[in-house]
Amino acid sequence: MAGAFDKLARPVQKWIRQQGWQELRDIQVRAIHDVMGSGADLIIAASTAGGKTEAVFFPLISQVLDEQEPSAGFDLLYIGPLKALITDQAERLEDICLDTDLPVVPWHGDVQQSTKARALKAPRGILLITPESLEALFVRKGAAISRLFGATRAVVIDELHSMLHSERGVQMRSLLSRMELAVKRPIRRIGLSATLGDMALARSYLRFDAADEVRLIETEGGEAELRLQLRGYISDGEGDRETSAEQRVATHLFETLRGSDNLVFAGARGSVEVYADRLRRLCEDAHMPQEFYAHHASLSGEHRDFVEKRLKDAAKPTTAVCTSTLELGIDIGDVACVAQIGAPFSVASLRQRLGRSGRRAGQPAVLRQYDVEVRLSSNPSFVDRLRLGLIRSVAMIELLLEGWCEPPKPQALHLSTLAHQILSVIAQRGGASADTIYNTLCLKGAFRQIRVSDFVRVLRSLGAPDVELIEQMESGLLLLGRVGEKIVENYRFFAVFETPEEYRLVANGRELGAIPVDNILSPGMMVIFSGRRWLVREVDDQAKVISVAPAEGGTPPIFGGDPGDIHDRVIERMFSLFEGDKRPVYMDSVALELLEEARVNFRVMGFQTTPIVELGEGTFAVATRTGTVKTNTLSLALRAFDFRVEQHNGFLFVQAPDEEASLHTVLKRIADGEELDLFSAATNLRFEKYHRYLSDDLLIKDACSSKLDISALRQMCSRLCAALGDDP
DNA sequence: GACCTGCTGCGGTTTG
């Protein structure tokens, strides 16, 4: 500790002594040496709350304090994905900086304007900001960027892993490179993250041009012991409510979790409502004080605060049944157990969730996985026979145990966010030439994979007469068009992601939360929401308010959502599970029985010897053995030949359009390279916020870069044909 | 077959 501690500035040393710490943690010692020893970019990856923020800010603050001449502008920049996280971190940093004259400035939508005005007038110290608020600074205070960040020593990006897969991450990287262009020098980047699957990709994500020079601090060992159980349940479909599989899962959760703090990830908001309702009733039946609560994004802020505070309160046992709202780093303290109902969508998020338990020394991390499969009828579907949900859970747990998780997709074009950034650059500069914009965003910015020809097509789309987002002057200068001005002026512009329209749900003047407008609710109907049952009293379509009163029954509303992408590697692992004979020790007897049944059915159906199984006349099950992206692509190709196609994990269910059509012939034609039109008018290509302003050819290109893999199509079909033998 | 995240400037009212 001595060496590292001695390097720190006096006020920081004093603060550490005041905490009564016996020693600095390993990660802190290493961060102090790395941050102070060079000016290199850096990633600090640690799976649990190991004091990453302190580790990086101790040396950074020390460097600022040791500087001879104070400079104008913010000394350090911190970017965080959540308002609550910024508020938390600002409090911690303020405490460390108490004995210094370094101001700590939290900046997001809920921060007072006066605080912001003061900081703009005399920018100094540490600025903590969201990507959206930073975007707003570029759009509204474009000319001030070089003054605000001219002296910034480093930018710390918190929860870097949460940015890897999102448009928001692209926006953030674009803003950082624009900032560097404005101040005419690189600004050191430091990413804080949970453990990442592919370090090489994470480094190039942080600094595209110099990934090799990004230093890396990973925690070794120190990981909590992991206790793991996967429980299988068999559902009888329309059976008695009290003995249904859902009720048995709820009962097991109730008996196992009561009396301690836990998180139950239920996968979807509707499912959160179902389990929260059942757990609440079990509590009531047992005459116990309530300790089970729903938590998801459609619930009111007030209710969510209440649940989060209860989780932090050591005196009250609390279990939150939640979606990914409780996955990221807001401080809710340690939980005894993390439960996951149904297969997760990515190994990365499973890992992040698991990191919520076992944070205290000596405490194990506990993961309880619950999978419900239906009892097979006399004529079961092949999907049920293969137990795809359970198999996917096992595949993801196995990959988690091996330390793998999904890497970012560096080839994606992100055209929606490119369109957004074009508008932003024009707004920042009050007008710009196409050359300048291309240089800023593509040549030197976050959109390196965009070629000039595509960039020009995006500009043309935005300038089209029926779009009017931008317009060109005689001189060539690009300005915002009539519609572009309106969009950029509105505060909704700053976020690059879309949010649906909603009705507010109100009970007795109290706001419960919101549900999507496509729920058709009318007076007299019953609904489960916020873990309780309600009767709809009144629907106000103008004000978008639904009034409800307590009731005895109901079903959860439909929350909607987009299907997620399952990675190739997960599906590959599912197939090795089908074909292997491993019986993982963490599975209970029912789960093992289901696994064995899936393996038997896989063999009986013939998938071990052929990828295509005829289920009936003109009806086939096709084992693609690939993740969502490639399976989607094959599915579109078959639809182009009028086949009806259903997608499942690693499989397609295919129905021929008529007796003439032969699946084998069609696969052969695709394998031989026949030209296909994969995109009919019915294909939805508008999956991001600014897609609506882009031409169809651009949308197809964007989809091909992220949602589809055309290059794999011929090979997939060749592989399928080869396995069938040559003759159709 | 899913989930989450964010938001300016101004006008009006209240308070000291």
Side-chain angles (χ1 to χ4, degrees), chain A residues 79-87 107-117 120 129-142 158-159 161-172 175 265-273 295-299 301 304 321-330 340-346 348-350 352-353 383 388-389 392 417 420 424 427 486-500 514 516 556 558-566 570 627-628 631-632 635 646-653 687-689:
Chain A
I79 303 179
L82 306 174
K83 290 187 287 191
L85 190 58
I86 285 176
T87 308
W107 185 306
H108 54 67
D110 299 342
V111 170
Q112 294 227 332
Q113 293 233 328
S114 54
T115 309
K116 296 177 181 172
L120 278 182
I129 196 165
T130 59
E132 288 73 19
S133 283
L134 188 58
E135 177 76 56
L137 277 179
F138 273 81
V139 171
R140 310 262 170 152
K141 306 276 186 281
D158 206 354
E159 308 276 8
H161 56 276
S162 75
M163 298 289 190
L164 297 181
H165 302 272
S166 70
E167 294 300 314
R168 226 180 158 198
V170 179
Q171 174 189 31
M172 184 201 66
L175 292 173
F265 291 96
R269 284 170 284 181
S271 159
V272 165
E273 292 295 349
H295 192 287
H296 58 71
S298 298
L299 296 173
R304 287 168 62 176
V321 187
C322 59
T323 56
S324 41
T325 39
L326 290 175
E327 192 175 294
L328 275 187
I330 329 163
Q340 166 78 38
I341 305 175
F345 292 98
S346 75
S349 90
L350 181 62
Q352 185 66 22
R353 290 169 183 189
V383 178
L388 293 183
R392 194 173 97 203
T417 303
H420 176 267
S424 173
K486 274 197 183 148
I487 290 177
V488 174
E489 252 170 39
N490 193 292
Y491 67 95
R492 287 191 193 90
F493 175 70
F494 306 126
V496 291
F497 51 87
E498 188 131 62
T499 37
I558 295 158
F559 288 103
D562 308 313
D565 285 349
I566 308 294
V570 173
T628 314
T631 303
N632 264 341
S635 158
E646 262 175 41
Q647 289 166 244
H648 304 278
N649 291 186
F651 292 88
L652 290 177
F653 174 79
F687 51 88
E688 296 292 349
K689 189 172 175 188

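Numbers restart at 1 for each chain; the letters A, B, ... are given by sequence-line order, proteins then strands.
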By side chain to side chain donor-acceptor pair (under 3.5 Å), which residues pair with [X], not counting sequence neighbours?
X: Ser424(A); value: Glu135(A), Arg178(A)
X: Ser271(A); value: none
X: Glu688(A); value: none
X: Glu132(A); value: Arg168(A)

Check: Gln647(A)/Thr631(A) side-chain N/O donor and acceptor closer than 3.5 Å:
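There is no such pair between these side chains.
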
With a 4.0 Å cut-off on heavy atoms, is [X] in touch with a base, just the backbone sugar-phosphate, or nothing at all?
X: Asn490(A); answer: nothing
X: Arg168(A); answer: base
X: Ser349(A); answer: nothing
X: Gly267(A); answer: sugar-phosphate
X: Glu489(A); answer: nothing
X: Lys116(A); answer: sugar-phosphate

Contacts of Lys83(A) that satisfy salt bridge (charged side-chain N to carboxylate O under 4.0 Å, His left out) - sequence neighbours left out:
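Lys83(A): salt bridge (charged side-chain N to carboxylate O under 4.0 Å, His left out) contacts with Asp110(A).
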
Position toward the 5' end of DNA chain B (nearest nucleotide), Phe345(A) or Phe497(A)
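Comparing both residues, the 5'-ward one is Phe345(A).
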
With heavy atoms of chain A within less than 4.0 Å as the criterion, where does contact along DNA chain B begin and end?
dG1(B) to dG9(B)

